[in-house]
Amino acid sequence: MMMRANEDVRHVVILGGGSAGWLTAALLAREHHAGEPGGLSVTLVESPNTPPIGVGEGTWPSMRDTLRRIGFSETTLVRECDAAFKQGSLFRGWMHGRSAAEGDQYRHPFTLPLGFGDVDLLAGWLQRHGDRPFAEVVSAQPHVCMAGHAPKQASTPEYAAVANYGYHFDAGKFGVQLRAHAVANLHVRHVLDDVDLVVPHDDGDIAALRTRHHGDIAGDLFIDCSGMASVLLGKHYGIGLHSVKHLLFNDTALALQVPHPAPDTPIACETIATAQPAGWTWDIGLHNRRGIGHVYSSAHMSHDEAERHLLAYVRASGGTGDQPTPRRIGFDPGWRERFWHRNCVAVGLSAGFVEPLEASALALVELSAAMISDEMPATRSDMALVEKRFNDAFTYRWERVVDFLKLHYTLSRRDDSDYWRAHRDPSTQPERLADLLALWRHRAPYRQDFFRIEEVFPAASYQYVLHGMGFVPEPSARLRHPSLGEAAEPHFRETAHLARRMLGALPLQRSLIDHIRAHGLPRG
Ligand SMILES: Cc1cc2nc3c(=O)[nH]c(=O)nc-3n(C[C@H](O)[C@H](O)[C@H](O)COP(=O)(O)OP(=O)(O)OC[C@H]3O[C@@H](n4cnc5c(N)ncnc54)[C@H](O)[C@@H]3O)c2cc1C
């Protein structure tokens with residue numbers, strides 16, 4: 001170890017060719033000059049026998065920045081990965097288990113409310129517009145989504161937005177395109193082989209990965225992107241999983257792909273999350289099909305029953321013809337007790353997974369890859385410092401993901417199953433969330449509730465979900481003070497004005513996607 005402490009970190013080896021592996025490989029190669037003299041060398045090994053998981057089709061707006069950083073064209077994403085634009089999530093049936101027509105729906109748009117942090121939007125909404133959905137009063141984006149409009153125009157350059165957006169795309173095709181880009185343009189060395197053994201140094205660091213046909217692949221830093229198998233961190237190092245099944249109960253998903261009935265079927269602008277008796281269904285609109293799935297707790301519902309609910313959803317939402325048998329994916333909600341150990345760091349499913357609600361998994365991949373790239377240790381001895389910072393940052397982030405996801409469940413008043421009643425049980429609430437909910441009885445969430453730079457979910461997201469779910473603070477004298485309503489009103493007027501302007505200027509999502517497929521977008 002003493003010998004290696006001052007050795008430069010020059011060769012990064014990534015195990016796994018799913019979205020996590022290729023995004024990380026591309027970012028490191030691009031930002032550390034792979035293929036140039038003095039640049040980092042990046043090798044990715046993936047098994048020809050274990051395909052990537054093939055789900056993970058909804059992203060956050062952060063993906064735009066990631067694609068820009070790795071130089072991956074948005075036009076390619078739309079043309080080759082069947083991508084469409086995602087402007088947030090639409091939640092149905094989460095409050096009472098009723099239908100959208102009965103008012104049981106709300107939106108969590110990606111755009112921050114106008115005036116957020118400058119005026120008390122909560123007080124203004126309660127005083128002057130409390131009869132309308134919070135999100136529709138404070139943001140123009142719900143109006144854009146309701147009308148099926150795209151978040152940008154045909155002349156808006158790649159990655160740039162009129163309204164904030166992420167993507168819905170075909171995860172399998174995304175992996176293939178990322179690989180092509182990383183290998184052809186970014187000098188990532190690709191080895192298609194199974195890793196059967198980890199070759200250690202005497203001190204316990206990893207020296208190399210032994211492959212079946214390509215010998216040993218040596219490296220200085222190893223990134224475990226091997227999916228749920230967690231070959232390096234979980235299996236080799238025995239780092240256990242910190243389970244959160246007692247807080248978030250879902251542990252199984254059924255996934256299907258459903259073609260659009262006609263080539264001109266409108267493409268939804270949001271992920272549609274519909275609550276079910278023991279979980280929820282996702283509905284993700286791409287150019288040519290929808291990705292639909294049911295994620296549920298197997299302790300509360302049998303797989304057969306879950307499949308019946310999924311197929312009933314598909315039929316009720318316009319799916320036609322016979323549906324193929326859904327694919328079943330089991331998972332243990334939680335994350336590794338540490339993510340970086342010695343000269344190995346896990347990114348993606350090998351680091352953890354809690355459930356697909358609010359699509360935070362790829363965002364955590366992007367944050368992990370970015371932190372590894374930004375803080376790439378120069379030498380082996382620097383690695384110990386980065387390891388500590390990384391573990392601290394990502395333990396905090398995973399905990400905040402659980403808080404935010406649990407918020408969706410704990411505020412529900414559904415009483416139709418043990419599942420929903422158990423979600424309301426205070427013993428299944430994370431402590432920090434319980435404290436914040438107590439504070440929010442008298443005031444709105446604000447920035448200082450989430451004080452780290454690059455919080456996974458900002459205070460505004462909490463506010464959209466809180467008030468969307470019908471949570472209204474107790475009417476304190478402060479919240480009733482008329483000056484707060486007066487100060488907020490100009491922002492509400494401006495929001496309504498902006499919504500009208502956007503509806504006049506933005507094309508329908510389907511027409512923009514068709515346009516991009518035919519003509520492309522201006523380069524960003
Ligand atoms: C039901 C479900 C829905 C989801 N929905 C979303 C969503 O909407 N949004 C979102 O952000 N995320 C979502 N996710 C998470 C998302 O799918 C993953 O974060 C993402 O796909 C990254 O996966 P991965 O690359 O870590 O693993 P995988 O795709 O599983 O890739 C693992 C790779 O490791 C390789 N490998 C494994 N063992 C070996 C070995 N011994 N030798 C060589 N290679 C090996 C495999 O060949 C493969 O290439 C969802 C997950 C699930 C389960």
Side-chain angles (χ1 to χ4, degrees), residues 13-25 43-63 66 86 89 166-172 174-176 178-179 190-198 209-214 217 222-236 250-256 271-273 279-284 286 291-296 310 326-333 335-336 346-369 401 456:
V13 178
I14 296 172
L15 173 60
S19 303
W22 285 112
L23 280 170
T24 308
T43 302
L44 185 146
V45 197
E46 80 175 299
S47 163
N49 303 308
T50 314
I53 192 156
V55 283
E57 306 201 314
T59 85
W60 287 9
S62 54
M63 187 58 83
T66 299
K86 169 178 176 177
S89 296
Y167 306 102
H168 286 149
F169 54 54
D170 182 311
F174 183 54
V176 170
L178 278 178
R179 178 175 65 205
H190 182 207
V191 178
L192 200 57
D193 205 344
D194 285 287
V195 168
D196 288 332
L197 194 81
V198 174
L209 304 183
R210 180 151 303 161
T211 62
R212 222 165 273 177
H213 306 290
H214 293 77
I217 300 179
F222 291 82
I223 306 188
D224 185 351
C225 297
S226 62
M228 289 186 197
S230 197
V231 172
L232 305 184
L233 200 71
K235 291 214 176 97
H236 174 68
N250 294 343
D251 61 1
T252 314
L254 297 172
L256 271 181
T271 296
I272 303 168
W280 59 280
T281 47
W282 74 81
D283 187 342
I284 286 182
L286 312 187
I292 300 183
H294 184 189
V295 55
Y296 57 97
L310 173 64
R327 209 176 122 215
R328 191 160 88 209
I329 303 165
F331 56 90
D332 194 355
W335 55 85
R336 298 281 147 195
V347 177
L349 296 172
S350 61
F353 180 65
V354 287
E355 70 141 289
L357 189 66
E358 296 281 6
S360 57
L362 285 172
L364 285 170
V365 166
E366 295 170 69
L367 283 166
S368 303
V401 169
V456 270

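Both counts, for ligands and for their atoms, begin at 1 and track the order of listing.
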*Could you go step by step and tell me if T59 and K86 meet the side chain to side chain donor-acceptor pair (under 3.5 Å) rule?*
CA-CA 8 Å; T59 85; K86 169 178 176 177; over 6 Å; no
*In a check of side chain to side chain contact (heavy atoms under 4.5 Å, CB included) between W60 and each of T66, L364, L362, V456, which one passes?*
V456
_With sequence neighbours excluded, residues passing side-chain hydrogen bond (donor to acceptor under 3.5 Å, both in side chains) with S62_ = E366
*For D193, is the nearest heavy atom under 4.0 Å from an atom of ligand 1?*
yes
*Go through the steps to decide whether H168 and W282 satisfy the test ring-ring contact (aromatic ring centres under 6.0 Å, His included), and finish with yes or no.*
CA-CA 12 Å; H168 286 149; W282 74 81; over 10 Å; no
*Considering only protein heavy atoms, which is closest to atom 12 (N) of ligand 1, and at what distance to one decimal place?*
A361 CB, 3.3 Å
*Taking NZ, NE, NH1 and NH2 as the nitrogens, is one of them in R212 or D194 under 4.0 Å from a carboxylate oxygen of the other?*
yes
*Does an N or O from V195, backbone or side chain, lie closer than 3.5 Å to an N or O of ligand 1?*
yes
*Check step by step if side chain to side chain contact (heavy atoms under 4.5 Å, CB included) holds for L254 and Y296.*
CA-CA 9 Å; L254 297 172; Y296 57 97; 3.8 Å; yes
*For E358 and S89, work out which heavy atoms get closest and say how close.*
OE1-OG, 4.0 Å
*Go through ligand 1 atom by atom and flag the ones less than 4.0 Å from a non-hydrogen atom of G348.*
26 (O)
_In this structure, does ligand 1 have an atom that sits under 4.0 Å from one of the heavy atoms of V55?_
yes
*Looking only at non-hydrogen atoms, find the nearest pair between D193 and V45 and report the distance.*
O-CG1, 3.7 Å
*Mark up the atoms of ligand 1 that fall under 4.0 Å of a heavy atom belonging to E57, in ascending order.*
7 (C), 8 (O)
*Considering only heavy atoms of V231, which atoms of ligand 1 have at least one such atom less than 4.0 Å away?*
38 (N)
*What protein heavy atom sits nearest atom 24 (P) of ligand 1, and how far off is it?*
A20 CB, 3.8 Å
_Quick check for you: to the nearest 0.5 Å, what is the distance between D283 atom CG and H294 atom NE2?_
13.0 Å
*Does a donor on one side chain sit under 3.5 Å from an acceptor on the other, for S230 and K235?*
no
*List the atom of G18, the atom of P52, and the distance in Å for their closest heavy-atom pair.*
CA-CB, 3.8 Å
_Nearest neighbour in protein (non-hydrogen) for atom 20 (C) of ligand 1_ = L362 CD2, 4.0 Å
*Heavy-atom closest pair, residues F222 and I217*: CE2-O, 3.9 Å
*Among all protein non-hydrogen atoms, which one is nearest to atom 43 (C) of ligand 1, and what is the separation to 0.1 Å?*
S47 N, 3.3 Å
_Using heavy atoms and a 4.0 Å limit, tell me yes or no: is W22 in contact with ligand 1?_
no
*asked:* Can you tell me if L15 contacts ligand 1 (heavy atom of the residue under 4.0 Å from the ligand)?
replied: yes
*Please name the pair of heavy atoms, one in W280 and one in P356, separated by the smallest distance, quoted to 0.1 Å.*
CZ2-C, 3.7 Å
*Between L349 and ligand 1, find which residue part has any heavy-atom pair under 4.0 Å and reply side chain, backbone, both or neither.*
both
*Give the residue, atom name and distance (to 0.1 Å) of the protein heavy atom nearest atom 9 (N) of ligand 1.*
G58 O, 2.8 Å
*May I ask which of C225, P52, G16 has a heavy atom nearer to atom 32 (C) of ligand 1 than the others do?*
C225
*asked:* Looking at non-hydrogen atoms alone, which of P51, P356, A171, S226 comes nearest to atom 3 (C) of ligand 1?
replied: P356
_atom 1 (C) of ligand 1 [closest protein heavy-atom partner, distance rounded to 0.1 Å]_ = A253 CB, 3.4 Å
*For atom 16 (C) of ligand 1, which candidate among G352, G56, A351, G17 provides the closest heavy atom?*
G56
_So for ligand 1, is V365 a polar contact partner (N or O within less than 3.5 Å, distance only)?_
no
*T50-ligand 1 polar pair, N/O distance under 3.5 Å*: yes
*Can you pull out the closest protein heavy atom to atom 27 (O) of ligand 1? Residue, atom name and distance to 0.1 Å, please.*
G227 CA, 3.4 Å
*asked:* Could you work out, with side-chain hydrogen bond (donor to acceptor under 3.5 Å, both in side chains) as the rule, every residue matching R327, not counting sequence neighbours?
replied: none
*asked:* I need the nearest protein heavy-atom contact for atom 29 (O) of ligand 1: residue, atom name and distance, please.
replied: I53 N, 2.9 Å
*Enter the distance from L233:CG to I223:CD1 here, rounded to the nearest 0.5 Å.*
12.0 Å
*asked:* Please classify the F331 to ligand 1 contact at 4.0 Å (heavy-atom distances, strictly less than): side chain, backbone, both or neither.
replied: neither
*asked:* Is there a polar contact between ligand 1 and D194, counting only N or O atoms under 3.5 Å apart?
replied: no
*Which atoms of ligand 1 have any heavy atom of W282 under 4.0 Å away?*
1 (C)
*Does ligand 1 have a heavy atom under 4.0 Å from the side chain of A229, from its backbone, from both, or from neither?*
neither
